[in-house]
There are 2 protein chains.
Amino acid sequence: MKSVVPITAVEIKTACSQCNLRELCLPFGLDPREVNQLDELVGSRRKIKRQQHLYRSGDPFEAIYAIRAGSFKTDVILEDGRDQVTGFQMTGEVLGLDGISGEQHSCNAIALEDSEVCVIPFSRLEELSRQVESLQHQFHKIMSREIVRDHGVMMLLGSMRAEERLAAFLLNMSQRFTARGFSPSEFHLRMTRDEIGSYLGLKLETVSRAFSRFQDEGLVAVQQKHIRILDTPGLKRILSHHAA
Amino acid sequence: MKSVVPITAVEIKTACSQCNLRELCLPFGLDPREVNQLDELVGSRRKIKRQQHLYRSGDPFEAIYAIRAGSFKTDVILEDGRDQVTGFQMTGEVLGLDGISGEQHSCNAIALEDSEVCVIPFSRLEELSRQVESLQHQFHKIMSREIVRDHGVMMLLGSMRAEERLAAFLLNMSQRFTARGFSPSEFHLRMTRDEIGSYLGLKLETVSRAFSRFQDEGLVAVQQKHIRILDTPGLKRILSHHAA
DNA sequence: GGAGCCCTTTGATCCACATCAATACGATTT
DNA sequence: AAATCGTATTGATGTGGATCAAAGGGCTCC
């Protein structure tokens, strides 16, 4: 039985059961009672300032994180200094799954803007997901989705040309903003050209030139980080217009 | 002398509890009683001939597969015909995790040689892993390992040059053969130059040339698909020898 | 509100890998 | 043992994106 103990307003507002991201996040598919159980599990929240690390490669793995506000990038860094951005994460998405396998994180997670995450202690998540079938299943889906996403990135990096990569990136961003209730056609990128380039396996100059060419062709209006997509079918055409 | 209980020799030989791959596979970390429970779950086995599909993109997702013998590649194919090999899998490794998220497979799994897999019905795996903590945890580790592996491939595709990619590939293969009790320095590749190239984001000619250059430099002895690694530190040096 | 700095854009040149092409090799079939 | 076919090697040439370089914008932080 749960207590009658007074709960502060802040706690109520930040619980999964009250969170408007729950359709995108771990609670998806749970019934109200189950979401309440999840509420108890999500112990604390953490604010991360822009450019700060949520975790670093090598940090002991204890929790996964659900993004409540803001956005992140993850990257891997080689000894020789080369780095590769492995993903950009938005609200409702889960960070830290890389850490499960080796009991320590294997990449860095860095806030692209001032952000806030829900801390989900992993051993407790495993415990609860042994009891709550729908939670277990949703968690497995989230991990699997990450694998599928990664395969898409491999396809992009392994067999697309620069403009195709950028078109795919923009369409993906658009789709994710849409899922969060924002405009599909107008958004603000939180990452730099250099970070986009790293993610897409291109140099920042190449990214910039591709943006300019898209602009010249009337596909998008680019003003620094502010993007307006003017011709979604046109962007899709770039993706499929490949002479195999 | 065989058991008094009438169990066929085939069944005994193919159960997890008797399988010499169990340290590499799903049973890792389970105690004997728990492995027996897993035995019951792994209902059937399936033989797949060389070049045949274990599953195709779009197939309904019902099970994951543990490789008992042989090897596979997975690939994704775009509408325009371009394809990308997303991985090569060896004995003890698990296939099909991509299917969980969308309830259907999102890539193709094709046998590189005559192979055999254990069929693990997914809903029963979820059920059992709700009861067996160590199984749950091992399964999560396997999924996470796949994510980490994918990040490594992204690094490779996004920021390495051709020879670095091939060196990384060879070292990875060597390490995986070693883990299976084979020679670290001498092995037989089951995939073609074209498949290696697709995986590494290179054309087959580039792969072939890189092999030749490694041979000229005395790093490996290449005879078609038979590889002998002569200078492992040398290969590692190629990987780190990058002027950042 | 101004100084400084980071980020972005654009141009000129270079180079690693792709592409095109021909030959050689090896396994399988007959 | 010859014929066939998929696979691999090697050479010549082309090109997309990297690199080098410079200038222009727009934040951020005093």
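Below, chains carry the letters A, B, ... as their sequence lines are ordered, and counting in each starts from 1.
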Ion pair [X]/[Y], N-O distance below 4.0 Å:
{"X": "A:Lys47", "Y": "A:Glu116", "value": "yes"}
{"X": "B:Glu23", "Y": "B:Arg180", "value": "no"}
{"X": "B:Arg190", "Y": "B:Glu113", "value": "yes"}
{"X": "A:Arg82", "Y": "B:Glu164", "value": "yes"}

[X] [atom1] - [N] [atom2] separation (whole Å):
{"X": "A:His226", "N": "C:dT8", "atom1": "NE2", "atom2": "P", "answer": "15 Å"}
{"X": "B:Ile196", "N": "D:dA8", "atom1": "CD1", "atom2": "P", "answer": "8 Å"}
{"X": "B:Arg50", "N": "D:dT7", "atom1": "CZ", "atom2": "C1'", "answer": "11 Å"}
{"X": "B:Leu200", "N": "C:dA16", "atom1": "CG", "atom2": "P", "answer": "19 Å"}
{"X": "A:Arg193", "N": "D:dG25", "atom1": "CZ", "atom2": "P", "answer": "15 Å"}
{"X": "A:Phe211", "N": "C:dC7", "atom1": "CZ", "atom2": "P", "answer": "16 Å"}
{"X": "A:Asp194", "N": "C:dC6", "atom1": "CG", "atom2": "C1'", "answer": "11 Å"}
{"X": "A:Met191", "N": "D:dC27", "atom1": "CE", "atom2": "P", "answer": "17 Å"}

Rounded to 10°, tell me the angle between the two end axes of the helix from C:dG1-D:dC30 to C:dT30-D:dA1, each built from five pairs.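 The end-segment axes of the helix from C:dG1-D:dC30 to C:dT30-D:dA1 are tilted 60° relative to each other.
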Heteroatom pairs (N/O) under 3.5 angstrom, protein to nucleotides 17-19 of chain C:
unit_1: C:dC17; atom_1: OP1; unit_2: B:Ala162; atom_2: N; d: 2.7
unit_1: C:dA18; atom_1: OP1; unit_2: B:Lys203; atom_2: N; d: 3.3
unit_1: C:dA18; atom_1: OP2; unit_2: B:Lys203; atom_2: N; d: 3.3
unit_1: C:dA18; atom_1: OP2; unit_2: B:Thr206; atom_2: OG1; d: 2.3
unit_1: C:dT19; atom_1: O4; unit_2: B:Arg209; atom_2: NH2; d: 2.9

Can you tell me which nucleotide in C:dT8, D:dA8, C:dT10 comes closest to the side chain of A:Ser212?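 Comparing C:dT8, D:dA8, C:dT10 against the side chain of A:Ser212, the answer is C:dT10.
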Describe the nucleic acid contact of B:Thr192 in one word from base, sugar-phosphate, nothing, applying a heavy-atom distance below 4.0 Å.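 The residue B:Thr192 makes sugar-phosphate contact but no base contact.
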In terms of relative ring orientation, are B:Phe61 and B:His105 parallel, tilted or perpendicular, with 30° and 60° separating the classes?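 B:Phe61 vs B:His105 ring planes: perpendicular.
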Hey, could you give me the CD1/OG1 distance between A:Ile147 and B:Thr74, rounded to the nearest 0.5 Å?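 A:Ile147 CD1 to B:Thr74 OG1: 10.5 Å, rounded to 0.5 Å.
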For nucleotides 24-28 of chain C, tabulate all protein N/O to nucleotide N/O atom pairs closer than 3.5 Å, reporting atom names and distance.
none

So, using salt bridge (charged side-chain N to carboxylate O under 4.0 Å, His left out) as the criterion, who are the partners of B:Asp231 when residues are at least two apart?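 Checked B:Asp231 against salt bridge (charged side-chain N to carboxylate O under 4.0 Å, His left out); zero matches.
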A:Lys236: salt bridge (charged side-chain N to carboxylate O under 4.0 Å, His left out) partners, not counting sequence neighbours: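 Listed in chain order: nothing, the list is empty.
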Which heavy atom in A:Leu157 sits nearest to a heavy atom in B:Met154, and how many Å separate them?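 Scanning both residues, the minimum pair turns out to be CD1-O, 3.8 Å.
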For the residue pair A:Ile229 and A:Leu170, what are the closest heavy atoms and their distance?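 That would be CD1-O, 4.2 Å.
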Considering residues at least two apart in sequence or located in another chain, which fulfil the side-chain hydrogen bond (donor to acceptor under 3.5 Å, both in side chains) criterion with A:Asn172?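 Only A:Arg176 meet the side-chain hydrogen bond (donor to acceptor under 3.5 Å, both in side chains) criterion with A:Asn172.
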